[in-house]
Amino acid sequence: MTNIPDKPSLDGIEARWMKRWEADGTYRFDRGASRDQVFAIDTPPPTASGALHIGHVFSYTHTDTIARFQRMRGRSVFYPIGWDDNGLATERRVQNVTGVRCDPSLPFDPEFKAPYNGDVPKDHRAIPVSRPNFVDLCHGVIHDDEEVFEQLVRRLGISIDWSLLYTTIGPRAQRTSQLAFLHNLARGEAYQQDAPTLYDIDEHTAVAQAEMEDRDVPGAYYKLAFHRYEGEDLLIDTTRPELLASCVAMVAHPDDARYQPLFGTTVRTPLFGVEVPLLAHHLADPDKGTGLAMICTFGDVTDVTWWRELNLPSRALIGFDGRMAIDTPGWITSPAGQAAYAHVAGLGPKPAQRKIVELLGQSGEMLGEPRPISHPVKFYERGSRPLEIVATRQWYIRNGGRDLVLRNALLARGDQLNWHPAYMRNRYQNWVGGLNGDWLVSRQRYFGVPIPLWYRLDDEGNSLYDEVLIPDDSQLPIDPSVTCPAGFDEDQRGKPAGFIGDPDVMDTWATSSVTPHIAGGWVDDPDLFARVFPMDMRPQGHDIIRTWLFASVVRSHHEHGCLPWTNAAISGFILDPDRKKMSKSKGNVVTPINLLEAFGTDAVRYWAASGRPGVDTAFDEGQMKIGRKLGTKLLNATKFVLGFGEPPADAAPTVAIDLAMLARLAEVIDDSTRALDEFDYARALERTETFFWWFCDDYVELVKSRAYGSQADVAAHSARAALRQALDIVHRLFAPFVPFVTEEVWSWWHDGSVHASPWPAADMPASIGDVSLLVPVGEVLAAVRRAKTEAKLSQRATVDELIVDGPPAAVAAIEACRADLAEAGGIATFTLSEGETLMIAVRLAPSTDV
RNA sequence: GGGCGCAUAGCUCAGUUGGUUAGAGCACUGCCCUUACAAGGCAUAGGUCGGGGGUUCGAGUCCCUCUGCGCCCACCA
């Protein structure tokens, strides 16, 4: 069958084939397949915020090329997708869209309606709503976002099986996440601890090490005088004078001769007159400032270390809202000190600092002017103010940060994983080797998977955190603020001798770290799970190796004692043409939908697939134009080749040049197959593309006269058979990269989808022909073209005489293609002789033009 | 301070165990309306492969070193 359009076109092919693939179930996972026949992908669940980022196009295309390749190789591809809709990103979006904020102290209002829908005025003050109302609003917004997002992802031609769609806030995800947590708890891998914790005072939540980043911010050194009972004042440099009231000690290095005589003595703090000891600790740096530091509870993580290792008291004053405690603390006993504190009580960090500096100036206990500096400060990656350290009870999962044996086991998992590209392994090792604590998984937020626990209350109504009440697995998912633990009644909630639900939700990574389990049906479909786990491939960006990848390895290591997948395929970032990372905050993001419309999906995918694994790639419309050209060329070349008609059934390539072309193609197949097996889609595309353009420009030009029938029938049949065989293979080699146009041209002469056809791995041996033939033949062809171009003649111009003199092998090769060359070049007399080196002389016909 | 990556034509990049005169595309220039394709084709030109040193018969490729750019990590008072 052939059904070739008169005017082939790329217009509208996306919509046509998307519809067809969906109707035919082309990408449907065959769940009858056994594990060894399955290729399972742990697709990154994007945050469905309504806008598709060019980075999605880039990385999802990379994964899709591998998925399509494996499908054509005969694997049943398990290719799910989910929407990562729980967590702070969604909460923020909901706040911005609807103009509310969550206040968990409020009661549920069944009549509540959001005041706005995306049109919140600038001066609007967020309306507080109850947690159940807030969660309802979140569900509404994400539902709308996800419909939009699905259309966008479909538009990319990503061959996921949409019947496997999940969300990270959905019941199955919640159940999976909670069950995994309870297993961690039962095995002792999850534990709670009341300890100083990095805390975001705007988002009102603790954050994990993996979510922190350093930012350089302006600050200043202030030189403060601490008073000795005898002798001169001791001077320290600090960037945080506002913490002076929380000072618990001073510290210097044990080897620091300047302070050695004073170790063990006490000094009085400026302004507040609190007596603190001068202690020795090796972390104090003699070269920094005066070599003397004040220890406050808590200015930074070093303070926490000192506090813990030197057994110091806690004098924390900064609350969860970042403000100084209202009541004057008991350790400030002097009237002057109490008066000073009254000035800063209730102030936030910045105003408190200004006030303290002002007071120190007045008292003369600040020496000289502040010296402005720029210094790195820890921030929550989504936060806007520096993190504070507050003591709070939180849940942790062991990740090797406090346990060398576990750390080494997890480092070994990193070695065991196949990284593409291999050097990405270093990011993992670097991160795991540098952990300084376990994974803090509890978040004081609202739209997430609840920590599925309750606590008993004592007779006074205080929480007994050691008496954890655990739900039965069959109850999951639960919200402990709604569901009641076994053996209790709802009216005992919050009452003495009753119970209280854990108010927190889990870190969003605590749920995304079990995406293989969510997608694979760990909790409700063990048969499916056995067919897909451990998965084959985890595609993701290098920026989330320390979070998503590492957390997933931790969970799988604890739960199954193995890796969750065998391969990690790491994509790079998109850089704008000035080579800056594209991100929303920089405002240099390109909206891909316009590109998809301007160039077509295949063209944009072509650009994406030319970015090598792991390499940050510049956004380049030029590459998309080339991709568009490739699509057009595939249409035209296919139309042309098929236009020669089918050779007789028993026809086969017999002519040397035809066999040589097929031999070259066989090499391309080998190369491309090997590359895709190693997840190097870019190399596979490049090889196929190079072949294809050579095929069109040289081979087809050379044999088209013969294919039309200028020579013997058997020779014509050889050309037609070779052309069709090559075309068939080329369509399949390109299919993973440009799925729409390959499906289009394939449909002209085949039943069924090209994406369901076998990968051409074993179509023919490279020994089918002699590729070395192609070199001298190509040189003759090029020489003839050059001569015509230099004479400013048309390529159709006649060559009076072509004289070729060369080594025997070259002469033999050219002799074998003599007739094709003569016809392609319009050569009247063709003289061929043996000599030392290849010499080509072209004598053109005298111009008959005016 | 530690780790990783990159540096090849004006631009974007290939160059896979070291092997003959270093490649492609885009851009530039010239030519060709050629019956698959003018939203095309053909061709010319363009590089001391970041600098220096070393190993080797031979180095863009391996080793050392320096420089520049980028990323990750770090206990940053």
Side-chain angles (χ1 to χ4, degrees), chain A residues 4 7-8 10 213-217 219 221 236-240 243 250-251 281-285 288-296 299-306 373-378 421 423-436 542-543 545-546 572-573 575 577 579-581 607 610-612 614-623 625-626 628-629 631-644 671 674-675 678 680 682-683 686-687 689-690 693 696-697 700-701 704 708 781-782 784-797 826:
Chain A
I4 309 162
K7 284 205 171 291
L10 298 173
E213 63 184 25
D214 288 353
R215 292 183 204 161
D216 272 315
V217 296
Y221 272 123
I236 60 122
D237 281 316
T238 180
T239 56
R240 300 206 59 186
L243 292 172
M250 305 192 72
V251 67
H281 193 277
H282 68 274
L283 282 182
D285 183 352
K288 203 165 274 179
T290 62
L292 198 57
M294 68 169 180
I295 303 174
C296 302
D300 62 24
V301 291
T302 313
D303 278 344
V304 177
T305 307
W306 281 327
I373 54 160
S374 175
H375 64 150
V377 174
K378 290 209 181 300
Y423 61 77
M424 288 296 178
R425 172 178 283 113
N426 297 312
R427 301 268 182 123
Y428 177 95
Q429 306 293 17
N430 209 342
W431 175 256
V432 179
L435 287 169
N436 52 31
H542 55 66
D543 53 329
I545 289 173
R546 69 178 186 171
F573 287 138
L575 308 174
R579 306 206 66 83
K580 295 275 185 295
K581 183 192 169 187
W607 158 75
S610 58
R612 303 191 94 80
V615 178
D616 292 348
T617 302
F619 172 75
D620 184 1
E621 288 196 7
Q623 279 295 106
K625 286 185 184 143
I626 300 164
R628 181 78 180 182
K629 257 174 68 174
T632 305
K633 195 73 172 180
L634 271 167
L635 293 177
N636 287 317
T638 301
K639 180 182 170 195
F640 186 56
V641 167
L642 295 182
F644 292 118
D671 233 10
R674 240 194 319 275
E678 287 301 308
D680 192 349
R683 180 185 172 82
E686 189 215 316
R687 290 302 147 120
E689 189 191 9
T690 301
W693 286 102
C696 291
D697 295 343
V700 173
E701 288 301 322
K704 67 186 188 185
Y708 273 128
L781 189 63
V784 170
R785 284 171 173 166
R786 193 179 308 122
K788 291 178 181 177
T789 298
E790 280 169 1
K792 306 200 171 192
L793 291 173
S794 157
Q795 290 298 325
R796 294 175 77 191

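Chain naming here is simple, since letters A, B, ... match the order of the sequence lines and numbering starts at 1 in each.
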Check your understanding: What do the steps show when you test E701(A) against R785(A) for side-chain contact (heavy atoms from CB on, under 4.5 Å), and what is the final call?
Key -> CA-CA 12 Å; E701(A) 288 301 322; R785(A) 284 171 173 166; 3.9 Å; yes

In whole Å, what separates the [atom1] atom of [N] from that of [M]?
N       : M       : atom1 : result
rG15(B) : rC62(B) : P     : 12 Å
rU21(B) : rG30(B) : C1'   : 25 Å
rG5(B)  : rU65(B) : P     : 14 Å
rU35(B) : rU44(B) : C1'   : 28 Å
rA59(B) : rA22(B) : P     : 13 Å
rG58(B) : rG19(B) : C1'   : 7 Å
rU61(B) : rU17(B) : C1'   : 11 Å
rG60(B) : rU55(B) : P     : 16 Å

Point to revise | Closest non-hydrogen atom pair, W306(A) against A293(A) | key: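 Nearest heavy atoms, W306(A) then A293(A): CH2-CB, 4.3 Å.
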
For residues [X] and [Y], determine if any side-chain heavy atom of one lies less than 4.5 Å from a side-chain heavy atom of the other.
X       : Y       : answer
D303(A) : R240(A) : no
D616(A) : H542(A) : yes
T789(A) : Q795(A) : yes
D680(A) : E686(A) : no

Using atom [atom1] of [X] as one end and atom [atom2] of [N] as the other, report the distance to the nearest whole Å.
X       : N       : atom1 : atom2 : result
K625(A) : rA38(B) : NZ    : C1'   : 17 Å
D616(A) : rA7(B)  : CG    : P     : 13 Å
I295(A) : rA77(B) : CD1   : P     : 14 Å
L10(A)  : rC37(B) : CG    : P     : 16 Å
F640(A) : rA36(B) : CZ    : C1'   : 6 Å

Under 4.0 angstrom, heavy atoms only, what part of the nucleic acid is [X] near: base, sugar-phosphate, or nothing?
X       : answer
W693(A) : sugar-phosphate
C296(A) : nothing
R674(A) : nothing

Check your understanding: Which residue lies toward the 5' end of RNA chain B, R612(A) or D237(A), if each is placed at its nearest nucleotide?
Key ->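 Whichever sits nearer the 5' end wins; that is R612(A).
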
Pairs under 3.5 Å (N/O, protein and nucleotides 25-34 of chain B):
unit_1, atom_1, unit_2, atom_2, d
rC26(B), OP1, K629(A), NZ, 3.1

**Study point:** Set of ring-ring contact (aromatic ring centres under 6.0 Å, His included) partners for F644(A), sequence neighbours left out
**Key:** F640(A), Y708(A)

Just N and O in the side chain of [X]: are any of them under 4.0 Å from OP1 or OP2 of [N]?
X       : N       : value
H281(A) : rA77(B) : no
Y221(A) : rC76(B) : no
K633(A) : rG41(B) : yes

Check nucleotides 72-74 of chain B against the protein and report each pair of N or O atoms closer than 3.5 Å, with its distance, or say if there are none.
unit_1, atom_1, unit_2, atom_2, d
rC73(B), OP1, R546(A), NE, 3.2
rC73(B), OP1, R546(A), NH1, 2.2
rA74(B), OP1, Q209(A), NE2, 3.1

Revision key, fill the gap. The side-chain hydrogen bond (donor to acceptor under 3.5 Å, both in side chains) partners of T239(A) (sequence neighbours excluded) come to none

**Study point:** Residue among D543(A), I545(A), V432(A) satisfying side-chain contact (heavy atoms from CB on, under 4.5 Å) with R427(A)
**Key:**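 Considering D543(A), I545(A), V432(A), a side-chain contact (heavy atoms from CB on, under 4.5 Å) with R427(A) is found only for I545(A).
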
Check your understanding: Where does RNA chain B form stems of at least three consecutive Watson-Crick or G-U wobble pairs, each pair having both distances below 3.5 Å?
Key -> B:1-7 with B:67-73, B:10-13 with B:23-26, B:29-32 with B:40-43, B:50-54 with B:62-66

**Study point:** Distance in Å, M250(A) CE paired with T290(A) OG1, rounded so as to fall on 0.5 Å steps
**Key:** 7.0 Å

Review point. By salt bridge (charged side-chain N to carboxylate O under 4.0 Å, His left out), which residues pair with E213(A), not counting sequence neighbours?
Key: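 With sequence neighbours excluded, E213(A) shows a salt bridge (charged side-chain N to carboxylate O under 4.0 Å, His left out) to R215(A), given in chain and number order.
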
